Amino acid sequence: MNNNELDYWFDPSSRTLEELRVLQNKAIEKLSLEDGFGKIDRIAGVDCAYFEDRIVCAMPVLDYNTLEVIEKKYIVQKVAFPYIPTYLNFREGKAIASVFMELENKPDMIMFDSCGINHPIKAGMATYFGAAMDIPTIGVSKKILCGDSETPVEVGESQKLMYEGNQVGWLLKSNKRSNPIIVAPGHKVSVESSLEIVKHCLKGYKLPEPTRLAHMYAAEAKKEILEQKDRN
DNA sequence: GCGACAG
DNA sequence: ATCTTGTCGC
């Protein structure tokens, strides 16, 4: 993907919310909810941290079998868009696409800390990114953006997340002491597979390894940047 | 009109 | 997301 395509999909500047909504719909036209991936060797996780007017986007790549980190990269950019529910893809998208392109070990799939098709028009960050970049993605969030579900109680239990009569994901009780996490397909991953893959990546913590490690990595990168700044 | 609302 | 220490519970 070149810079023009990058800006086409991820640059919100000089565009109205109406135009951004049109862009989301355009990406969604490419959406596939069928498994469009082969054997998964590597899976990446993404998460962003913020400070001042900057966004720190971290992306570790893990071996799918061992869940060990193979490579990790992060990038710092100026925040170009505010947080507006249902438009998160335009706040974090460009930074995520930028780190992704710098990876030497491309993952077969990416796990996001955000929504997938569990979004008013199915354009959650994971889905939008996957459709625009044509990469299999899964969304894992901690709060429901839209939809309703029963509450899973036993560890490992899942309940369907429904929105407008359709299943758009799951609520999964991943840990004994944590509230359920929300799992949803992003792009090229079925509703069933999204749950299986997230379960495979659980190691006893609330969040699956790709996302959990991405969160820690983004936090430590931010901390180091701030400490470096203090020394000057 | 009111409330809800990923990060 | 971010500002932040201790503290209750398993």
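This one's a predicted model, so the numbers in the text were calculated from it and none came from an experiment. Chain A is the first sequence line, chain B the second, and so forth, proteins listed ahead of strands; every chain is numbered from 1.
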Report task. Mind listing the closest non-hydrogen atom pair of L31(A) and G186(A) along with its distance? Result -> CD1-O, 3.4 Å
Report summary line: In short, G130(A) meets H187(A) closest at the heavy-atom pair O-CD2, 3.1 Å
Query raised in the report: Would you call D108(A) and K39(A) a salt bridge, using N to O less than 4.0 angstrom?
Result: no
Requested in this report: Decide, yes or no, whether a salt bridge links D7(A) with K94(A) under the criterion of side-chain N to carboxylate O below 4.0 Å.
Outcome: yes
Query raised in the report: Which atom names give the shortest non-hydrogen contact between G93(A) and F129(A), and what distance separates them?
Result: O-CE1, 4.3 Å
Report summary line: Closest heavy-atom pair, A218(A) versus C48(A), reported as atoms and distance to 0.1 Å, is CB-C, 4.5 Å
Query raised in the report: Any idea how W9(A) and Y128(A) line up, ring-wise: parallel (<30°), tilted (30 to 60°), or perpendicular (>60°)?
Result: perpendicular
**Report entry** Phosphate OP1/OP2 of dT2(C) contacted by K222(A) side-chain N/O (<4.0 Å)
**Finding:** yes
Query raised in the report: Which atom names give the shortest non-hydrogen contact between K106(A) and E102(A), and what distance separates them?
Result: NZ-N, 4.2 Å
Report summary line: Taken to the nearest whole Å, CD1/I55(A) to C1'/dT2(C) is 13 Å
**Report entry** Face-on cation placement of R15(A) at Y8(A) ring, 6.0 Å and 45° thresholds
**Finding:** yes
Report summary line: From CG of D53(A) across to P of dA1(C) the rounded distance in Å is 19 Å
Query raised in the report: Taking only residues two or more places apart in sequence, or in another chain, which ones meet T66(A) in a side-chain contact (heavy atoms from CB on, under 4.5 Å)?
Result: D63(A), E68(A)
Report task. Just need the stems in DNA chain B: three or more back-to-back Watson-Crick or G-U pairs, each with both distances under 3.5 angstrom, sorted by first number. Result -> none
Report task. Look at R212(A) together with E209(A) and state whether they make a salt bridge at an N to O cut-off of under 4.0 Å. Result -> yes
Report task. Could you summarise the pairing of DNA chain C as dot-bracket text, marking Watson-Crick and G-U pairs under 3.5 Å with ( ) or [ ] inside the strand and | across strands? Result -> ..........
Report task. Establish, for the pair K222(A) and F51(A), whether the NZ or CZ atom is under 6.0 angstrom from the six-membered ring centre and no further than 45 degrees off its axis. Result -> no
Report summary line: Whether each nucleotide of nucleotides 1-7 of chain B has a protein heavy atom under 4.0 Å at its base (B), only at its sugar-phosphate (S) or at neither (-) is summarised, 5' to 3', as ----BBB
Report summary line: Contact string for nucleotides 5-10 of chain C, one letter per nucleotide 5' to 3', B = base within protein heavy-atom range under 4.0 Å, S = sugar-phosphate only, - = neither, reads -----S
Query raised in the report: Going by heavy atoms closer than 4.0 Å, what residues in residues 186-212 of chain A are next to DNA chain B?
Result: none
Query raised in the report: What are the two closest non-hydrogen atoms of P185(A) and V189(A), and how far apart are they?
Result: CB-O, 3.2 Å
